[in-house]
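Working notes for the structure below.
Values below: every heavy atom of this structure, side chains too, minus hydrogens, waters and symmetry copies. Whatever order the structure lists ligands and atoms in, that order sets their numbers, starting from 1.
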Amino acid sequence: MLAMIVTAGLFADAAWAAPEKVPASGFAWKDGAEVYIKVCAYCHEGGPVGPQIRGRELPAVYVQTVVRNGFRAMPAFRASEINDESLAKLAEYISKN
Ligand code: HEC
């Protein structure tokens, strides 16, 4: 009986010690193109969901505002999903490509 309790305790410890898989901090998108391809293109690239946003010279400020606040059917993205620095790069990428 004692052995069972000790064993259970060991397993519980092991579970606690499991490495954190989600990078809670320190995660950063490589550049604007990466964010666009992995997050925005799903809805904004040749599909029926969202309008074309590249190649229209949309002002970077407008893109940032839409991404942070959402716009009708467009979902908002928080800083925990796309931080300010990445959003600035993303907006620049979209307005110039
Ligand atoms: C889940 C699908 C979805 C994703 C993901 C998404 N969007 Fe959108 N977006 C939409 C839809 C739908 C609209 C059109 C909203 C409307 O007019 O009702 C839109 C509209 C926009 C507009 C306004 C376009 C215009 O013609 O004025 C911008 C800018 C925009 N999205 C940027 C982005 C960016 C940047 C990303 C990536 C961070 C992104 N969106 C990700 C669905 C999406």
Nearest protein heavy atom with distance in Å, relative to [atom]:
| atom | value |
| --- | --- |
| atom 5 (C) of ligand 1 | Val39 O, 3.3 Å |
| atom 15 (C) of ligand 1 | Phe71 O, 3.4 Å |
| atom 28 (C) of ligand 1 | Val66 CG1, 3.6 Å |
| atom 32 (C) of ligand 1 | Ile53 CD1, 3.6 Å |
| atom 33 (C) of ligand 1 | Met74 CE, 3.4 Å |
| atom 25 (C) of ligand 1 | Tyr62 OH, 3.5 Å |
| atom 18 (O) of ligand 1 | Arg72 CB, 3.1 Å |

Got a second to check how far [X]'s [atom1] is from [Y]'s [atom2], nearest 0.5 Å?
| X | Y | atom1 | atom2 | answer |
| --- | --- | --- | --- | --- |
| Gln52 | Leu58 | CD | CG | 9.5 Å |
| Ile82 | Gln64 | CD1 | CD | 10.5 Å |
| Leu90 | Ile37 | CG | CD1 | 11.0 Å |
| Trp29 | Leu87 | CH2 | CG | 12.0 Å |
| Cys40 | Arg54 | SG | CZ | 10.0 Å |

Using a strict cut-off of 4.0 Å, indicate which atoms of ligand 1 neighbour a heavy atom of [X].
| X | answer |
| --- | --- |
| Leu90 | 35 (C), 38 (C) |
| Ile82 | 38 (C) |
| Val67 | 34 (C), 35 (C) |
| Ile94 | 35 (C) |
| Arg56 | 25 (C), 26 (O) |
| Cys43 | 1 (C), 2 (C), 3 (C), 4 (C), 5 (C), 42 (C), 43 (C) |
| Val49 | 12 (C) |

Under-4.0 Å heavy-atom contact with ligand 1, by part of [X] that carries it:
| X | result |
| --- | --- |
| Pro51 | side chain |
| Tyr36 | neither |
| Pro75 | side chain |
| Phe77 | side chain |

Q: Give me the ring orientation class for Tyr62 and Phe71: parallel if the planes are under 30° apart, tilted from 30 to 60°, perpendicular past 60°.
A: perpendicular
Q. Among Cys40, Pro48, Gly50, whose heavy atom sits nearest atom 11 (C) of ligand 1?
A. Gly50
Q) So, is His44 placed with an N/O/S atom under 2.8 Å from atom 8 (Fe) of ligand 1, counting both backbone and side chain? A) yes
So, the side chain of [X] versus the backbone of [Y]: is there a donor-acceptor pair under 3.5 Å, distance only?
| X | Y | answer |
| --- | --- | --- |
| Glu81 | Arg78 | yes |
| Glu92 | Ala88 | no |
| Arg68 | Ala76 | no |
| Ser95 | Ala91 | yes |

Q: Please report the shortest heavy-atom distance between Phe27 and Asn83, naming the atom on each side.
A: O-ND2, 4.4 Å
Q) Are the charged groups of Glu57 and Lys96 less than 4.0 angstrom apart, N to O? A) no
